[in-house]
Amino acid sequence: MHKNMWLFLFTIVGISLFYFIQKDDDTITKANVIIYTDGKTSSEKEITDLKTLQSLQSVFTKIEWNRYIEVKMVRQEDAELIMFRQVKQHMPEKTLQYRIWFEHADVGATIISSDPEENIGTLNKNDAETLEDIIYQK
């Protein structure tokens, strides 16, 4: 009886550890891009290519987010990116909207997210060029 109790306890602890250690997927499944020129929509496209989505995901891990700053931009964004992310397996996708301003001076890009946990972020010039290449398919 004592042996069965230990086996039961060990099984419960093992299942609990597996559940809590299980990693979120958090992968981008697709992205829609809207490009603005002179304040008007100039083109729209959908990104579904796996290699491009992986590059996009890599660039987004380099954004330095600040959720405590409130910003109002003076000009309209250069592009809007709507990302579809699979955060957990067998769960609905999470949709996030990003408004992007490319700066060709000190800061490479400024990004405003619809996710309050991210809020506003910046990318350095090199990573901003990579993002710009993905968005404009250069």
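Keep in mind it's a predicted model, so treat the numbers as computed, not measured. What's counted below: heavy atoms across the whole structure, side chains too, no hydrogens, waters or symmetry copies. We count residues from 1, following the sequence as given.
For the atom pair OG1 of Thr130 and CG of Leu56, the computed distance is 11.0 Å after rounding to the nearest 0.5 Å. Ile35 contributes atom CD1, which lies 7.5 Å from atom OG1 of Thr37 (distance to the nearest 0.5 angstrom). Here CD1 of Ile135 is found 7.0 Å from CD1 of Ile47. Values are rounded to the nearest 0.5 Å. Considering CD of Glu80 and OH of Tyr36, their distance stands at 4.0 Å, rounded to 0.5 Å. Between the CG atom in Asp78 and the CD atom in Glu132 there is a gap of 7.5 Å [rounded to 0.5 Å]. Distance check: Ile28 CD1 to Lys94 NZ gives 12.0 Å after rounding to the nearest 0.5 Å.
Side-chain contact between Ile111 and Thr122 is absent, with no heavy atoms from C-beta onward closer than 4.5 Å. Within the 4.5 Å cutoff, no side-chain heavy atoms of Asn32 are placed close to those of Leu81. At least one side-chain heavy atom of Thr27 sits under 4.5 Å from a side-chain heavy atom of Gln57. With a 4.5 Å cut-off on side-chain heavy atoms, Met83 and Phe60 count as touching. Annotation: side chain of Lys30 is in contact with side chain of Glu46 (closest heavy-atom distance under 4.5 Å). A heavy-atom distance below 4.5 Å is not found between the side chains of Leu96 and Phe84.
Aromatic ring orientation, Tyr98 versus Trp65: tilted (interplanar angle from 30° to 60°).
In terms of hydrophobic clustering, with Ile, Leu, Val, Met, Phe, Trp and Tyr side chains grouped at heavy-atom distances under 4.5 Å, Leu131 and Ile120 are assigned to different clusters.
Of the possible polar contacts, none joining the Thr41 side chain to the Ser43 backbone as a donor-acceptor pair under 3.5 Å is found. Of the possible donor and acceptor atoms, one in the side chain of Gln137 sits under 3.5 Å from a partner among the backbone N and O of Ile134.
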| request: Kindly indicate, with the supporting measurements, whether the criterion side-chain contact (heavy atoms from CB on, under 4.5 Å) is fulfilled by Arg67 and Glu117. | output: CA-CA 6 Å; Arg67 60 189 237 195; Glu117 293 295 313; 2.6 Å; yes

| said: Apply side-chain contact (heavy atoms from CB on, under 4.5 Å) to residues Asn119 and Tyr68 and explain how you reach the verdict. | reply: CA-CA 8 Å; Asn119 192 27; Tyr68 301 109; over 6 Å; no

| task | Test Ile100 against Thr110 for side-chain contact (heavy atoms from CB on, under 4.5 Å), laying out the working first. | result | CA-CA 6 Å; Ile100 303 166; Thr110 301; over 6 Å; no

| task | Step by step, work out the side-chain contact (heavy atoms from CB on, under 4.5 Å) result for Thr29 and Arg85. | result | CA-CA 6 Å; Thr29 57; Arg85 300 179 87 101; over 6 Å; no

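Side chain to side chain, Gln97 and Ser113 fail the donor-acceptor criterion of an N or O pair below 3.5 Å.
Using a 4.0 Å cut-off between charged side-chain N and carboxylate O, Arg75 and Glu103 make a salt bridge.
A pairwise comparison of heavy atoms in Lys40 and Gln76 identifies N-OE1, 4.3 Å as the closest pair. Lys45 approaches Tyr136 most closely through the heavy-atom pair NZ-C, 3.8 Å.
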